[in-house]
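So the structure is just underneath, and the comments pick up after that.
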There are 2 protein chains.
Amino acid sequence: MTSTLADVAKAAGVHPGTASKALNPETRHRVADDTVKRVLSIAKKLNYQPNNIARSLRTRKTGTIGLLVPDLTNALFPPIVRGIERVLSEHGLHALVVNTDNNPEKANQLFTALRLRQCDGFILATAFRNDPIVEELAERNIPSVLVNRLTDKKLLPSVSGDEWSAMHVAVDHLISLGHTHIAHIAGPRSISNGSIRRAAFLDAVEEKKLKKDHCPVIVASEYSEDAGEAALLKLFASTKVKPTAIIAGNDQIAIGAIDGLRQLKLSCPEDVSVIGFNDSPLVDRLQPSLTTLHLPKHQLGEDAAVILLEIMSGKRTQKAEAHLLPCDLIVRNSTARMSSKANR
Amino acid sequence: MTSTLADVAKAAGVHPGTASKALNPETRHRVADDTVKRVLSIAKKLNYQPNNIARSLRTRKTGTIGLLVPDLTNALFPPIVRGIERVLSEHGLHALVVNTDNNPEKANQLFTALRLRQCDGFILATAFRNDPIVEELAERNIPSVLVNRLTDKKLLPSVSGDEWSAMHVAVDHLISLGHTHIAHIAGPRSISNGSIRRAAFLDAVEEKKLKKDHCPVIVASEYSEDAGEAALLKLFASTKVKPTAIIAGNDQIAIGAIDGLRQLKLSCPEDVSVIGFNDSPLVDRLQPSLTTLHLPKHQLGEDAAVILLEIMSGKRTQKAEAHLLPCDLIVRNSTARMSSKANR
DNA sequence: ATGGTTATGACAACCGATTGTCGTCCGAGT
DNA sequence: ACTCGGACGACAATCGGTTGTCATAACCAT
């Protein structure tokens, strides 16, 4: 069916080893020019395709990288994956993509499976702030990069949005619209996004000298509409001082929060302004369209892949640098100047 | 670092071949029970992990399947991918996922690369009605399955939504609301979805004895909001008899069409009802929320994977059966009873 | 003429499993 | 006592490349 190196070598009247060297540009100089030509032409004539498995066995390189994402159906990840893939495919590499559903056990299992497949490197979009997989990768010095989510301990290179600045911009925006009572519905604390955005919010509140008890933080149980709605209802049930603006941990929480407001007969943005995070697809077409912080998702993926490739090629050492990409505030209709009729 | 089969064999005092047989449940019967026990316990003690590359080289099975999708950032595909992955991972298989962007050249290149990686099978969500890759797979009898998109020639097993019935249900729904002037904005004709839905629309119109020139079809250049909007404007510019209902080729086209209506100072659903296809995320939260045909995307992926596995294991021969999954009409607010004030 | 490079390519080991063949040994049956 | 059969496991070939070593020959300079 397919011809092997031995076939080519025999047809060219050379030893397989010699044919191998002739075919490989790196080692071609060890072979006479006309021999190279002969081997090359015969290889083409026989439509020779090297067997990657055999090559991998010898070279210990599979050209495969493991890509762990929490959940592809979350619109945040596909653009990241595509960014990664764009860069990888340029270098003849391919990604084994797996979904962990934020389940550490599942993640472990899949990670082990990918390691057994001898992936040359890993990109993780699944990191928890404290993540044994990340520790293992760092310990064993396996080429790997974090994307979007960070760990508390700086163990691996990472590429993520500059959430700290983004949150400050969000708070500034609301203040500029006259808001002084701003709440934050944070994402889960076990994930860096939730925790960093939360810390940045508190920092911004303090920096802008807003009253701390006018700016409550509540944690949503997960990054979902339902959790956002539940959190909002809980927030409004528990605080005496009602906020006139809300910064959500992400777009889904924001959407859920707006649902919650609707239930309370409050409207967005007239009564309460809402800001999301990530700039997910279609949030520009919701009613109201969502003001949100745009995450350069594709770029995140590309940069992560580039860094991984540099580490794998030895052009860069695997040190735990954090690369932060700017997030722009996209102002839409879910934020508005505080109305005078607002509560308090 | 990691121990090999030879290490285990030596420690157990047996030949590597024997150790291999002891480790493999299929061949274990060829080895004495206590030898098996010894090998097993030593393998565990040495934390032996078989080298998949070496195994693949010998067995010609990589446990990898190639998954071609047009574009992961199109929300249609991630659930399909996840469905596939769920089934595959249950069997220890993994998917190499690549995006072709509906670009045949890119598809070819990626397909070739995946073939060189010795994928055991393929799942294609990228098929054109006439697709050389599909022909090659069928010719060479490589285990493979189509998902969501079909080819004109029945060459491979496929799993897709029952679009024919779905379209009939959509037309029925509009007729039951009093509409008699129904237009269809079809998707690209080179892809089965566009062509089947279009043919089904024409069939339904004829079957229901609607006047053919009251039910125009226009083709959008691609499955996007912009193309949908452009198509709608062109439609309303060119027909004397204005439709009071539109069935779009998919949700994105529907959303674009609604934008177009808005430009013409027509509102949905008061003036014109609109139906989408696929039931994409968030279309239930748009204003108006979109009536659409729900595609069981996850199930599509699962079924495709199951069929592929059955082919690969020889439990099923690779015949070109088309598996059609039912699509439910989800009635929301973009369709309404035809108002009496409507044009004509 | 001689010693020393250099170019070339044959050779074989190797990567780490899998698997068919075959020899040996033991016990059972006649 | 002898044969037959089965259990067991050693052995080696194999999958298809890659790569370091070495032999040979040609070439150069002294």
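Under the 4.5 Å side-chain criterion, counting only non-hydrogen atoms from C-beta, A/Pro157 is not in contact with A/Leu146. Here the side chains of B/Val145 and B/Phe122 are not in contact, with every heavy-atom distance at 4.5 Å or above. At a threshold of 4.5 Å between non-hydrogen side-chain atoms, the residues A/Leu67 and A/Val98 do not count as touching.
The residue among A/Ala54 and B/Arg30 whose nearest nucleotide of DNA chain D is located toward the 5' end is B/Arg30. Map B/Gly17 and B/Ile53 each onto its nearest nucleotide of DNA chain C; the residue landing nearer the 5' end is B/Ile53. Where B/His29 and B/Leu57 each meet DNA chain D at their nearest nucleotide, the meeting point lying more 5' is that of B/His29.
Counting heavy-atom neighbours within 6.0 Å of A/Lys10 NZ, excluding the residue itself, gives a total of 12 or less. A 6.0 Å sphere centred on CG of B/Asp34 holds more than 12 heavy atoms belonging to other residues, nucleotides or ligands.
Residue B/Thr4 is in sugar-phosphate contact alone, with no base atom involved, counting any heavy-atom pair closer than 4.0 Å across all strands shown. Counting non-hydrogen atoms under 4.0 angstrom, B/Thr59 reaches the backbone sugars and phosphates but no base. Counting any heavy atom pair closer than 4.0 Å across all strands shown, A/Ser56 reaches no nucleic acid atom. No engagement by B/Thr27 is indicated, since no non-hydrogen atom pair under 4.0 Å with the nucleic acid exists.
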Walk me through it: do B/Arg82 and A/Asp101 pass the test salt bridge (charged side-chain N to carboxylate O under 4.0 Å, His left out)?
CA-CA 11 Å; B/Arg82 292 228 44 184; A/Asp101 287 314; 2.8 Å; yes
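Residue A/Leu76 forms a side-chain contact (heavy atoms from CB on, under 4.5 Å) with just one option from A/Val69, A/Asp71, A/Leu295, and that option is A/Leu295.
Nucleotides of DNA chain D lying under 4.0 Å from heavy atoms of chain A occupy a range whose first and last members, 5' to 3', are D/dG16 to D/dT21. If you walk DNA chain C from 5' to 3' and mark each nucleotide with an atom closer than 4.0 Å to a heavy atom of chain B, the marks span C/dG16 to C/dT21.
The main-chain N or O of A/Glu105 is never found under 3.5 Å from a side-chain atom of A/Asn108 such that the two would form a donor-acceptor pair.
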